[in-house]
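In what follows, chains carry the letters A, B, and so on, assigned in the order in which the sequence lines appear, proteins first and then strands, with residues in each chain numbered from 1.
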Amino acid sequence: MTDRLTLATWNINSVRLRMPIVEKFLEEIAPDVLCLQETKCPDANFPFNAFRKAGYEHIEINGQKGYHGVATVSRRPLANVEKRGFCDMGDSRHLAADIAFNGSPLRLHNFYVPAGGDEPDREINPKFGHKLDFFAEMKNWLQGTETDKAAVLVGDLNVAPYEHDVWSHKALLKVVSHTPLECELFEDVRTTGKWIDAMRRFTPLDDKLYTWWSYRAKDWSAADKGRRLDHVWVSQALDGHIKGTRVLRDARGWEKPSDHAPVIAVFEA
DNA sequence: ATGGCGTATGGAATACGA
């Protein structure tokens with residue numbers, strides 16, 4: 001008996017406004033589970049029925065009014081749901097659940113890390129301080145994760161850590177999301193938890209790899225000034241079971257798009 | 001040309017994203 005699990009993560013920038021393209025995505029890609037960030041939707045207003053109609057009957061949400069918010073929707077049951085508040089901000093930025101893979105529970109973390117504002121200096125920009133504190137708390141909390149257990153951590157982590165995760169390493173050195181301080185902290189969180197950067201397993205470090213393109217470009221695809229802000233981290237126990245990852249760049253060009261494209265990962269037992 | 005736009009709230013103008 002071999003199992004195959006397809007997982008997707010997508011910063012949707014308002015789930016209610018984006019339901020037409022979410023439905024298109026679920027129909028075309030048909031992942032087993034989809035992790036959404038920036039749902040911007042109070043829990044009472046979440047579009048449950050549209051997901052159920054699309055075959056995603058297992059729905060866990062951690063939403064709030066106006067900002068942030070994450071949701072995990074699945075064709076397989078979700079168990080042991082946990083919603084952790086980071087930095088005592090009252091923000092909805094995390095949701096974890098167990099999903100069955102190859103007959104055992106796989107722990108799936110869905111994160112929306114703070115963007116961090118404009119100035120990369122915590123003395124003058126509290127949002128940047130919040131982002132740094134969030135990663136520090138994430139690192140400590142994830143220490144409790146047993147690295148020999150099957151686990152996946154996905155989401156909009158709001159850092160493009162490597163040189164070719166941005167369109168211009170030089171131009172972005174002082175831009176929040178690619179400052180050396182953030183990149184080092186990001187790598188510290190990842191390596192401390194012994195997580196594997198699944199996307200870079202399949203795309204060499206010398207190749208450009210983006211998941212986000214600004215709304216402000218006249219022609220986002222021609223300009224191609226992207227960043228890799230969305231990530232798929234995999235525990236050591238799943239090493240050897242990651243069959244591939246890809247960015248659905250096409251979705252950035254769909255009708256009324258999110259500024260992020262979905263990332264898809266396939267696992268096989 | 002890293003903001004030239006887009007979203008939520010609320011019902012205009014502001015906060016926020018990255």
Using the [atom1] atom as the reference point in each nucleotide, state the distance between [N] and [M] in Å, no decimals.
N: dT7(B); M: dA12(B); atom1: C1'; result: 15 Å
N: dG10(B); M: dA15(B); atom1: C1'; result: 13 Å
N: dA13(B); M: dG3(B); atom1: P; result: 25 Å

Quick one: list whatever passes side chain to side chain contact (heavy atoms under 4.5 Å, CB included) with [X], sequence neighbours left out.
X: Arg246(A); result: Ile29(A), Leu248(A), Ile264(A)
X: Ser221(A); result: Asp219(A), Arg249(A)
X: Glu27(A); result: none

Scan Lys256(A) against the nucleic acid and name what it touches under 4.0 Å (heavy atoms): base, sugar-phosphate only, or nothing. sugar-phosphate
What's in the same ILVMFWY side-chain cluster as [X], cut-off under 4.5 Å, chained through other members?
X: Leu229(A); answer: Trp212(A)
X: Leu157(A); answer: Phe86(A), Phe111(A), Val113(A), Phe128(A), Leu132(A), Phe134(A), Phe135(A), Met138(A), Trp141(A), Leu142(A), Leu153(A), Val159(A), Val176(A), Leu181(A), Leu185(A), Phe186(A), Val189(A), Trp195(A), Trp233(A)
X: Tyr162(A); answer: Leu205(A)

Neighbours of DNA chain B within residues 160-168 of chain A, by heavy-atom distance under 4.0 Å: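 Trp167(A) - these, ordered by number, are the residues of the stretch whose heavy atoms sit under 4.0 Å from the strand.
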Ile12(A) CD1 to dG6(B) C1', in whole Å, measures 14 Å
Starting from P on dG6(B), measure out to CD on Glu255(A) and report it in whole angstrom.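 Between P of dG6(B) and CD of Glu255(A): 12 Å.
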Using a 4.0 Å heavy-atom cut-off to protein, can you give one letter per nucleotide of nucleotides 8-18 of chain B, 5' to 3': B if the base is in contact, S if only the sugar-phosphate is, - if neither? SSS-----SBB
Pair Arg190(A) + Asp197(A): basic N to acidic O under 4.0 Å: no
May I have the list of side-chain donor-acceptor pairs in residues 91-99 of chain A shorter than 3.5 Å, sequence neighbours left out?
residue  : atom : partner   : partner atom : Å
Asp91(A) : OD2  : Arg93(A)  : NE           : 3.1
Ser92(A) : OG   : Asn62(A)  : OD1          : 3.0
Ser92(A) : OG   : Gly63(A)  : O            : 3.2
Arg93(A) : NH1  : Tyr112(A) : O            : 3.1
Arg93(A) : NH2  : His68(A)  : ND1          : 3.4
Arg93(A) : NH2  : His68(A)  : NE2          : 3.3
His94(A) : ND1  : Arg84(A)  : N            : 3.1
His94(A) : NE2  : His109(A) : ND1          : 3.1
Asp98(A) : OD1  : Arg107(A) : NH1          : 3.0
Asp98(A) : OD2  : Asn80(A)  : ND2          : 2.8

